[in-house]
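Below: one structure, written as C-alpha cells.
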Amino acid sequence: MSQKGFFEGRKGEMVLCNAWSRLRRFCQVKQVKKLSTSLVVVLVVASCQGSQDPKNREKATLGVSKSFLSIPAFVAKSTGYFSREGIDLTVKECSSGKTATDALFRGEADISTVADMPVVLESFKRKDFCIFGTFCRSYRMVKLIARKDSGIRTGADLKGKKVGVNFGTSSHFFLGAFLMHHMLSVSDIKMVNMRTVDMPVALRNNQVDAISVWQPYDKKALRLLGDNAVEFPAGEIYCTTFNLVTTKSFAKEHPEVLGKFLRAINNAVTFIQKNREISQDITAKTFKLDIDSVRAAWDDFVFGLSLDQALLVSWEEIARWSIQNNFVPKRKIPNYLNYICLGPLEAVKPESISIIH
Amino acid sequence: MKIRTRLHVNVFLCFIITVLVGSFVFAAVREMNVQTEKAVAASKISREMAELNIVTHEYLLHPEERPLMQWNRKYKSLTRHLTEEAKIFGPSEKDLVDKIFLNLKRFNAAFSNLVSTFKIVEAPGGRTIPPGLIDTLMGELLVKSHATVSPIFLLERKIQAKSIALQTKVSRITAIFFLVLIALITGVSLWISRSIRIPLAKLQRGIQIIGGGNLDHKVWTHERDEIGELSRAFDNMTDNLKKTTASISDLNREIEKRKRAQEKLKESEERFRLLFEHAPEAFSIFDLKSTLLDANRAAERLGGYEKKELIGKRLEDLGLLPSDELEKAAALLKRNKEGETTGPDEIILERKDGEKIVTEIVSIPLKIAGQDVVLVILRDITERKVMEEQLRQAQKMEAIGVLAGGVAHDFNNLLTTIMGNAELGLMGLDRGRLPLEELQEIKKAGERASGLTRQLLAFSRKQIMEPEVLNLNEVVRNLEKMLGRLIREDIKVLTTLAPDLANVHADPGQMEQVIMNLAVNARDAMPQGGKLTIETANVELDEQYFRSHGVENNHGAYVMLAVSDTGVGMNKETQYHIFEPFFTTKAKGVGTGLGLATVYGIVKQNKGYVWVYSEPGKGTTLKVYLPAASEEKERVSKKGKVSEISGGTETVLVVEDNDAVRETAVKTLEKYGYSILEASSGEEAAELSKGFEGPIHLLLTDVILTGMSGKDLAEILASAKPGIRVLYMSGYTENAIAKNGVLDPGVNFLSKPFTPESLLLKVRDVLDQPVP
Ligand SMILES: Nc1ncnc2c1ncn2[C@@H]1O[C@H](COP(=O)(O)OP(=O)(O)O)[C@@H](O)[C@H]1O
Ligand SMILES: [Mg+2]
C-alpha cells in the first residue's frame, strides 16, 4: 500500500490546510453561538426534568472503568444529573475499559466506557456494538519513563534498550507510536511484556531501561527512581480517547435512553468546566485519593462530548498497527463507520460531531 | 388655523414619514434576509467541499472502505445541496454555481478513475499498471479539486461583499430618514408654539392691566384661533365687571381713610422712637442671629461708639466685649432665644476708649413687627462695684476693730498674769526659793499670747481670693477659739458638725469672714445672752427647692453652713433689706450695714446661696449653701509634713479573716516598727488579748467577721484594756456600714483595699488622736 501522501505539491497542501481550518472555524463559530443558549437550556432542562413524573423514567446499567478518564460519568452520578434526566442509573465499577466492555457483551451492562484499544481489538471479532460518544481525551494518559544511568537522554537513545510494555494495551501502542516518532522501529529495541502494576519496580530494579506506563503508575515510578528518572514529554504522539459504547440492539431499542444519558454527561462536563474545585473534590472522594494528586493530574485530561473524524483515522491507525504486529488474526481493516452511532449525539449536541456524513 | 388643526397636521406629517421609514426598513430587512440565506447556503457548500477534500486525503493515504464510503456519501449530499440551493442564488451568482457544478463532476470522475485503478492494484493477483499512472491520476485529481474550491471561494466572497454593501446602504438611508423626521417634528413644533406664544403674551399683558384696576382696557387680539376666542370672552367679562364694580370716587374715599390711619400710626411710632432714643437706660436691640439692629443714645454714651458704627454688626464683631465676656453674652442670648428673660447679670464691657466698665445686663425676648428680637438693657455699675469693694474692706476693718478690742483685753489679762507672776517669782527668789510655779505660769501665758497673735495675723491676711479644696468643719474648728474672743460670756456657742462633710472649693480666709460676720450679727441680736449654734451638713438641693426660692435651677450636692441665734429676730421688711450694703438697724457707730452685704458677695462669688429665716422675738437662722467640690481634699498640701509616712513602737492587734490581707497589714506594720499580735477571728483575738500582759494600743479589725463581729470585739477589749484605740477596716464603704447600724458614725475607718501608705498613715493618725 502506498504510504506516500498524495498532496505533496505545495498547492495541494494549501488547499487541504485551508479546508481544514475552514472546517474548524465553522464548527467554532457555531459552538460559540450555541454555548450561551445551551447553558441556559441545560439549566432549564436539568431543573425541569428533575420533577418529571416517574412513568417516563428509564432504568439502565453503566459499566464504568475506575480511571480518571471516567470522571464525567462519576461527576454526573454524584451531582444527580442522571436522575434529573430521568434515568435510574446503576453504576457497575470495573477494573478497566476492557472488563467493562466484556460486561456489556455478557449483557450485564447496557452502556460502558472504553478506550480505543479494546474497540479496535473487538472490531475484528464482532459487529454488534457501536460507539455513540467520546467524552474524554488525554495526550498524557500513557508516558515513557527511562533510567538516566542507562544512558538514556533522548528518544533516540532507546535503541538497543530493554523496554517494559503491557502487550495489547495502550501501553503497547503508545510505545510503537513513540518509537516511530523518534525514527525507530519495534525491532530496534527489546520489548519485555509485563503487567503495568509491576513496571515501576521492574524499572527500579534495573530489569528494564524504560517503561511505557499509564497513569497513575508513572508517579510511582518517578518516586522510586528519584533523580535517576527521565520522563519524556508525551508531546502529541497519541491521544487516548474514552468513549461510550453500547450494543447496536440497545441503541435501536432505546435511543431515548442514550439521548438522556448523553445530556447528563454533557451537563456534567459543563459542571466540571465551571466548578473545577468541587469536581476535584468529588474525584478525590470517588477514587479515595488525596486532593493534591488529583489536582496534579487534572490538566492531563480534557473533558468534552464529541464524535470526531479523527477518531476513525486513529482507530484505523491502531488496527493497522495491530495487523502489522500480528495481534489480530485478520488482515483487513474494518470499516469503522459501521461502529459509530451518530443519532443520539446528533439529537443532543449536533455541533460536537465532526465525522463527515 | 386653529391650534387643534395645527396639531393634527403635525401628527399627520409624522405619521406619513414614519410609514415611509417603516416600509423602507421592511424592504431592507427582507433583502438582508435573502442575503443571509445565500450566505448560509454558500458556507454550507464550502464546508461540504472542505469535508470532501478531507476524506479524499484520508482515502489517498489509506485507500480503505471507510473513506471511500464517506466520499461517496459526501459527494451525493454536495450535489444534492447544489441543485437545491441553485434556486436561491440570483442570476449574478448563476455562472459561479454552474462552474462549481461542472468542476465537481470532473472531480468525481478523476476520483473514480483513481479508485478503480487502486482496485485493480489491490485485487488478488492484481495486474501491474504502467509506472507513473497513479501519480498522473493524483495530479489530475488535485487540479480538479482546486478548480472546484476556487469558484466556491469566489461565491462566498461575492455574497459576503454584497451583504456588507447592503448593510451600509440600509443603515445610511435609515439614518437620513430619521434625521429628516426629527427635523420635521422640531420645526413644526417650533412653529406651533410660536404661533401660540405671541397672542398668549398679548392676552397676558391685557389681563395684567385689567387686573391692575383699569377695567377700560381691551385685550382684543385678531387671531381667529382659540386664543382669539379667549381674549374676546375676556373683554366681555371686563365689560360686565365694570358695570357691577363700585365707582372710582368710592374707592378714593377709602384710600384717603387708610392714608390718615397710616399717618397716625407713624406719629405714634415716632413718639416711641423718641422715648427709646432718649431713655436714660442703655437700650439695644439684637436679632436672633445676634446682629445689632438698633441702640439708643444712652447706649452710645455707655459704649463710647456712635450708633452707625455698630448697627448691622454681629455681637462678636462689635468690639465691646472682651473675649472672656463674649461667651457669657452668647450664653445669655441663647437663653433669650429660648424665650427666657435673663438678668440682672454682670458683664464687663470695653469702651471705645479702652476703659473697662462693669455693667448690669437685663435682656428680654420680644417680637417687634413680627420679628423675634432681644431687647438688651445695660446699666453701668462700675462705680457701685468699686464702692462695694471698698466697703468689704471697711467691713473687715470693723471686724478687726472688734477683735482688736477683745485681743487688747486678753493681752491685758495675759500681761497681768505675766507681770504678776514675775513679781511673785522675784519675791520668792528674795526668800531664797526657786520660782518654778511662777515661771510655768509665765510660760503658759506667753504661749497663749503667741496663739492669739497667730490668729490675728491669719485673719488680717490680704483678701485675694485663693480658692482651694477645703472642709468647712475645719474652718469652723479653727475659728472656734477666736469666736470666744468676739462673743460675750453670756452667749453659749454650740457646733454641730457633720462628720462626713463634703469639701467645698473656696478661699479659706473668705469663709472665715463669712462665719465671723454671721456670728457677730448673732451676738448683736442677743443683748440678753442666749445660744449661738453653728451647724454644717451635706444637702441635696433639688429642683423643687430652687423653684420655691425663685432662682435659676442648679440642683446638685451642696454643703450647708447655718448660724442660728436665739435673739431678737427680724420682721419681713427688715429681712427684705438685710443684704443691701449700708442697711442697718443699729445705732450709728455700732452698725455699718456691711456685714451681710459682704457675706452675700462672697457667697455669690463662690456660686452659692444664702437664705435667712427669722421670727421676731424668737431668733434667726442664716443658711449658706456652697456647691460640694468633686475633688478629694488635698490633705497633703494642707498638713504638709504630717503626711510623711512614719512608723511607731506601739502594739497593734490585727484581726482579719482574709489571710492575704492580714499578712500584708502585719508585714507593713512590722516593717515600720510596731509590735504585732494577729488573729483571724474575734474569739481568737479575745483569747489572745487575755493572755497578753502588756498594753495593746490599737485594735485593727475587720468589721464583719465570722462569729464575733469587729464591733463586739472592740467593746470587749475596751473594758479589758482601757485606752485602747480602734481602727475598723472593711470592703464596704464607711457610709454603707454606718447606715446599716453596724458601726457608729464617727469611728475610725479604713476602706479595703488599702495601700501600705494609707494603712500606715491611718494607724499613726489614730494613735496620735487625743485620748477619747
Ligand atoms: N442675727 C440677726 N438677728 C436679727 N437681725 C439681724 C441679724 N443679722 C442681721 N440682722 C439685721 O440686718 C442688719 C444688717 O446687718 P449687717 O449687714 O451685718 O449690718 P450691721 O450689723 O452693721 O447692722 C442689721 O442691722 C440687723 O438689723
Ligand atoms: Mg453686722
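Everything quoted here is computed from the prediction, not taken from an experiment.
- Applying the side-chain contact (heavy atoms from CB on, under 4.5 Å) test to A/V186 and every residue at least two apart in sequence or in another chain returns A/M191, A/N325.
- No side-chain heavy atom of B/E58 sits under 4.5 Å from any side-chain heavy atom of A/I356.
- Environment of NZ in B/K162: crowded, with over 12 heavy atoms of neighbouring residues, nucleotides or ligands closer than 6.0 Å.
- Of all non-hydrogen atoms in A/L337 and B/R73, the two that sit nearest each other are CD1-NH1, 4.1 Å.
- Within 6.0 Å of the NE2 atom in B/H81, the count of heavy atoms belonging to other residues, nucleotides or ligands exceeds 12.
- Of the N and O atoms on the side chains of B/Q70 and A/Q309, at least one donor lies less than 3.5 Å from an acceptor on the other residue.
- Using a 4.5 Å heavy-atom threshold, the side chains of B/E64 and A/N335 count as separate.
- Residues A/H357 and B/E51 fail the side-chain proximity criterion, which asks for heavy atoms closer than 4.5 Å.
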message: Let's go through A/K332 and B/E65 carefully: what are the C-alpha distance in whole Å and the side-chain angles of both, what is the deciding distance for salt bridge (charged side-chain N to carboxylate O under 4.0 Å, His left out) to 0.1 Å, and is it a yes or a no?
response: CA-CA 10 Å; A/K332 187 165 165 23; B/E65 193 187 327; 3.7 Å; yes
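- The environment of CZ in B/F178 is sparse: at most 12 heavy-atom neighbours from other residues, nucleotides or ligands sit within 6.0 Å.
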